[in-house]
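Data block below; observations after.
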Amino acid sequence: MLSTIFSGVARCYYFLARYAPGPRLISRIVRRDGLKWGTPAMLVAAPYYLLANFLKGLIEQGGDAWLSLPLLWCLVMGTAFLVLGPVTLLMLAKARILEAMRARNLRRQIERTAILERETSEVA
């Protein structure tokens with residue numbers, strides 16, 4: 001039973017990841033070269049919330065109950081894009097700090113090898 005549920009969730013995720021624009025955009029933004037686009041991507045949440053509001057109005061006016069599925073999808077994607085902005089700023093800060101640390105360590109290592117080479121050439 002659990003494997004069937006897991007399999008169904010995985011298939012739905014990969015279907016949506018392949019054909020829906022939201023998850024594809026989120027996966028591109030979360031990569032290192034796309035982190036700078038996290039804050040502007042928060043603006044993508046506005047159309048999702050507008051569509052959700054429109055669908056809510058249709059449901060309240062006696063529309064079909066299946067419209068709640070696209071409504072839920074719009075709310076989830078809108079929230080995901082709103083949360084994505086601050087999260088990518090934190091991820092970008094972390095990536096830049098790690099890059100600066102690696103560069104500093106590399107500089108120190110080069111300086112150490114240069115000092116050792118100078119010392120060994122002076123001794124000889």
Other than Y49, what residues sit in its cluster of Ile, Leu, Val, Met, Phe, Trp and Tyr side chains whose heavy atoms are under 4.5 Å apart, directly or through others?
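The other cluster members (ILVMFWY side chains, heavy atoms under 4.5 Å, direct or chained) are M42, L51, F54, L55, L58, I59, W66, L67, L71, L75, L82.
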So if you build clusters from Ile, Leu, Val, Met, Phe, Trp, Tyr with side-chain heavy-atom gaps below 4.5 Å, do [X] and [Y] land together?
| X | Y | value |
| --- | --- | --- |
| M77 | V30 | yes |
| L90 | L84 | no |
| F81 | V76 | no |
| Y13 | L25 | no |
| V83 | V44 | yes |

With rounding to the nearest 0.5 angstrom, report the [atom1] to [atom2] distance, [X] to [Y].
| X | Y | atom1 | atom2 | result |
| --- | --- | --- | --- | --- |
| D64 | L69 | CG | CG | 11.5 Å |
| R102 | L98 | CZ | CG | 5.5 Å |
| K94 | L35 | NZ | CG | 11.0 Å |
| E117 | T120 | CD | OG1 | 6.5 Å |

Which residue pairs pass the salt bridge (charged side-chain N to carboxylate O under 4.0 Å, His left out) test with at least one member in residues 30-46, sequence neighbours excluded?
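Pairs touching residues 30-46 that pass the test: R31-D33, R32-E99.
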Using side-chain heavy atoms (C-beta onward) and a distance below 4.5 Å, is T79 in contact with Y48?
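Heavy-atom side-chain distance check fails, nothing below 4.5 Å.
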Are the side chains of L106 and Q109 in touch, meaning some heavy atoms are under 4.5 Å apart?
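Contact flag for L106/Q109 side chains = yes.
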I29 to A41 - nearest heavy-atom pair and separation:
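Looks like CD1-CB, 3.3 Å.
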To check you understand the geometry: which heavy-atom pair defines the closest contact between G78 and A45, and what is its length?
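Between these two residues, the closest heavy atoms are O-CB, 3.4 Å.
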